[in-house]
Amino acid sequence: MQSDKEGGDDGCPEECIALSDFTGSGSDQLAFTSKDKLLVHAKPSSDWWWAELHGVIGYVPASYLRPVGAAKERDEETCLEDPWQDEEYFASYGTLRLHLEMLSDKSRTEAYRQVIFTNSASLRNKVVMDLGCGTGIISLFCAQLSQPSVVYAVEASSIAEYTRQLVKQNDCEEVVTVLQGRAEETELPVQVDVLVSEWMGNCLLFEFMVESVLLARDRWLRKGGVMWPSSAALALVPCQAESYYAEKIAFWEQPYGLDFTPLQPLAQKEFFTKPKFSHLIDPSDCLSAPCDIITMDMYTLQVEDLEEMKGQFHFCVERSGVFHGFTAWFTAHFESLETEGATVELNTGPNSEPTHWKQTLFMLDRPVRVYEGDSISGSIVLHRNPIWRRHMTVTLQWNINSSKEETDNCQVGTKSFPMWR
Ligand SMILES: N=C(N)NC/C=C/[C@H]1O[C@@H](n2cnc3c(N)ncnc32)[C@H](O)[C@@H]1O
């Protein structure tokens, strides 16, 4: 409600600075770039404001703006320099720890070898880009198992110097060219026939390396070229997590004969606010069949789609038990270069060989007993962090429709999990 004095009750009109780019979707949203100065005319809700930039007016996400002159958040200070945190991100890949973890993951690494092997004939004389090649394993598979004309192995971290040595050490210099630098800033002499990358993070999107892959696709993949992975999907299942719950919450019931239950609310906040990475769910803890709730077509997905990825779900409870939370994982698919050729799948779920990603567990604040025949339906939103561009928040909303008359028919819940900021 506008008051009659010059400014409204909500301080409008108010000049604000943009903390990050916003591409917007839908005709009524106003796109802007980081550090733009917008004039906010109204704040109809806490999430969306009505603002003007260069004479154009539209809705903008309030979380992307800071009133001019307002105190800068510590985070904002550091993140305005580096919203991608590239310095620490690429430093972490400059050491062997993460490369050893990824190379030790047989499921992951063998899946990529299988892709190269089954397409070896079609890769002959092709131009390949391996985006984020790390130690160059995928590029070396290409040179060893097929005869591409060239593989551009692009790697931003300092490991690239060693990758060059590995290429030489394995007599692959004729085929593999290591280019050190961010893919976004790398110039290739030609378009590529195949863009291969192992970009998937926890919960599929964390790290948002996929943005670099999409930008490289738009710039370097020739018309009709192939993306590996060609598609990816995020799977979800309602689950039990009895031992994790006992370890973090039940523990306080009676440690050493004492009653420590006043600490349980603290424990729930400390241990269940963020998702649990590297959770290995036992198939018997799945309360229903899983379902793919978000699918990504790597040929049509756009960078702006990454701001907010949504999915719906409806699970039929197949076994009575305790609904402690949801578990998520991903699958990636690699289409064949030959028409009618076999697709290779990398599945990081509980019914496949474990991978270094394992699965991701989202714990509810309070477990709920559910019975065979109940249904759990709702939605998931992966909302990219407008400031820390490699992070996101996962918001789950669920309804439990009980098949038992005695319990009240429907229980509703919602919870947001930051990953990590
Ligand atoms: N999280 C999973 N699965 N893989 C992470 C894999 C990350 C590897 O790709 C490199 N990388 C990531 N983004 C870029 C980029 N834009 N340009 C060049 N190299 C990049 C990192 O330095 C790691 O070596």
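In this chain, residues are counted from 1 in sequence order.
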Practice prompt. For side chain to side chain contact (heavy atoms under 4.5 Å, CB included), just list the numbers for W199 and E211, CA-CA rounded to whole Å, side-chain angles, deciding distance to a tenth of an Å, and then say yes or no.
Written response: CA-CA 9 Å; W199 52 265; E211 172 166 330; over 6 Å; no

Practice prompt. Assess whether side chain to side chain contact (heavy atoms under 4.5 Å, CB included) is satisfied between Q29 and F22, documenting all intermediate values.
Written response: CA-CA 9 Å; Q29 291 184 4; F22 175 64; 3.3 Å; yes

Practice prompt. Could you please spell out the steps behind the side chain to side chain contact (heavy atoms under 4.5 Å, CB included) verdict for V213 and M298?
Written response: CA-CA 9 Å; V213 174; M298 294 304 288; 4.0 Å; yes

Practice prompt. Starting from the C-alpha separation in whole Å, work towards a yes-or-no answer on side-chain hydrogen bond (donor to acceptor under 3.5 Å, both in side chains) for H333 and E345.
Written response: CA-CA 5 Å; H333 293 92; E345 177 186 80; 2.8 Å; yes

Practice prompt. Apply salt bridge (charged side-chain N to carboxylate O under 4.0 Å, His left out) to R389 and E207, showing your working.
Written response: CA-CA 8 Å; R389 301 305 280 154; E207 291 179 36; over 6 Å; no

Worksheet entry | side chain to side chain contact (heavy atoms under 4.5 Å, CB included) assessment of R108 paired with E198 | CA-CA 9 Å; R108 161 203 178 270; E198 194 281 78; 2.6 Å; yes

Worksheet entry | Candidate pair S122 and E338, rule side-chain hydrogen bond (donor to acceptor under 3.5 Å, both in side chains), full reasoning | CA-CA 7 Å; S122 304; E338 288 114 14; 2.4 Å; yes

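For the residue pair H383 and E307, no side-chain donor N or O sits within less than 3.5 Å of a side-chain acceptor on the partner. For the residue pair S212/E184, the side-chain donor-acceptor check at 3.5 Å is satisfied. A side-chain donor from one of S416 and T395 sits under 3.5 Å from a side-chain acceptor of the other. Under the 3.5 Å distance criterion, with hydrogens and angles disregarded, no donor-acceptor pair is assigned to the side chains of S320 and E372.
For the pair V303 and L215, the tightest heavy-atom approach, listed with the atom from each and the gap, is CG2-CD2, 3.9 Å. Across every non-hydrogen atom of A235 and D292, the tightest pair is CB-OD1, 3.6 Å. The minimum heavy-atom distance linking S139 with V151 is given by the pair OG-CG1, 3.5 Å. Contact detail for L382 and C203: the closest heavy-atom pair is CD2-O, 4.2 Å. Of all the heavy atoms in P13 and H41, the pair that sits closest is CB-ND1, 4.4 Å. When all heavy atoms of E52 and G55 are compared, the pair lying nearest together is OE2-CA, 3.7 Å.
Ring geometry, F272 versus Y244: the interplanar angle falls from 30° to 60°, so the pair is classed tilted. Ring geometry for W252 against F260 counts as parallel: the plane angle stays under 30°, on a 0 to 90° scale with 60° as the upper cut. Aromatic ring orientation, W357 versus F330: perpendicular (interplanar angle above 60°, classes split at 30° and 60°).
Interatomic distance, S157 OG to F90 CZ, rounded to the nearest 0.5 Å: 8.0 Å. Between the CH2 atom in W420 and the CG atom in N385 there is a gap of 13.5 Å [rounded to 0.5 Å]. Distance check, rounded to the nearest 0.5 Å: CD1 of I138 to CE of M129 gives 12.5 Å. Once rounded to the nearest 0.5 Å, the distance linking CG of N202 with NZ of K358 reads 10.0 Å. Separation of atoms CG (D36) and SG (C16) is listed at 12.0 Å; rounding is to 0.5 Å. Put simply, OG on S107 and NE2 on H356 are 10.5 Å apart, with the number rounded to the nearest 0.5 Å.
With contacts defined as side-chain heavy-atom distances shorter than 4.5 Å, the pair V68/K37 qualifies. M102 places none of its side-chain heavy atoms less than 4.5 Å from the side chain of T109. The shortest distance between side-chain heavy atoms of K415 and D365 falls below 4.5 Å. The closest side-chain heavy-atom distance from T273 to P418 is below 4.5 Å. In this structure, the side chains of K310 and I380 stay at 4.5 Å or more apart for every pair of heavy atoms. Counting only heavy atoms from C-beta outward, the side chains of T327 and L236 never approach each other to under 4.5 Å. You'll find the side chain of F32 stays beyond 4.5 Å of the side chain of D21, heavy atoms only. You'll find the side chain of M200 reaches within 4.5 Å of the side chain of L346, heavy atoms only.
The backbone N or O of L131 lies less than 3.5 Å from a partner atom in the side chain of S197, making a donor-acceptor pair. The backbone N or O of M227 lies less than 3.5 Å from a partner atom in the side chain of Y299, making a donor-acceptor pair. Counting only distance, with no hydrogens or angles, the side chain of Q359 and the backbone of T348 share a donor-acceptor pair below 3.5 Å. Checked by atom type and distance alone, the side chain of E155 pairs as donor or acceptor with a backbone atom of G134 at under 3.5 Å. Side-chain N or O atoms of W228 include one that pairs as donor or acceptor with a backbone N or O of E335 at under 3.5 Å. Remark: side-chain polar atoms of H324 are not paired, donor with acceptor, to backbone N or O of Q240 under 3.5 angstrom. A donor-acceptor pair under 3.5 Å is absent between the side-chain atoms of D374 and the main chain of V370, judged by distance alone.
Using a 4.0 Å cut-off between charged nitrogen and carboxylate oxygen, R390 and E88 do not count as a salt-bridge pair. For K106 and E353, the salt-bridge test fails: no basic side-chain N is under 4.0 Å from an acidic carboxylate O. Classification of D86 and R182 as a salt-bridged pair holds, one side-chain N sitting under 4.0 Å from a carboxylate O. Between R384 and E304 there is no salt bridge, since none of the side-chain N atoms of the basic residue sits less than 4.0 Å from a carboxylate O of the acidic one. Salt-bridge check for K43 with E14: passed, with a basic side-chain N closer than 4.0 Å to an acidic carboxylate O. Between R66 and E15 there is no salt bridge, since no side-chain N of the basic residue sits under 4.0 Å from a carboxylate O of the acidic one.
Taking the six-membered ring for Trp, F334 and Y112 have ring centres closer than 6.0 Å. Remark: aromatic rings of F206 and F277 are close, center separation under 6.0 Å. For an aromatic pair to be called close, the ring centres must be under 6.0 Å apart, and F362 with F326 fails this. Taking the six-membered ring where the residue is Trp, the centroids of W49 and Y59 are separated by 6.0 Å or more.
Atom CZ of R366 sits in a sparse spot, with 12 or fewer heavy atoms from other residues, nucleotides or ligands closer than 6.0 Å. No more than 12 heavy atoms of other residues, nucleotides or ligands shown are found within 6.0 angstrom of CD on E87. The local environment of OH in Y162 is sparse, with at most 12 non-hydrogen atoms from other residues, nucleotides or ligands closer than 6.0 Å. When the shell of 6.0 Å around CD1 of I57 is examined, it contains more than 12 heavy atoms from other residues, nucleotides or ligands.
None of K223, K126, R222 except one satisfies the salt bridge (charged side-chain N to carboxylate O under 4.0 Å, His left out) rule with D193; the exception is R222.
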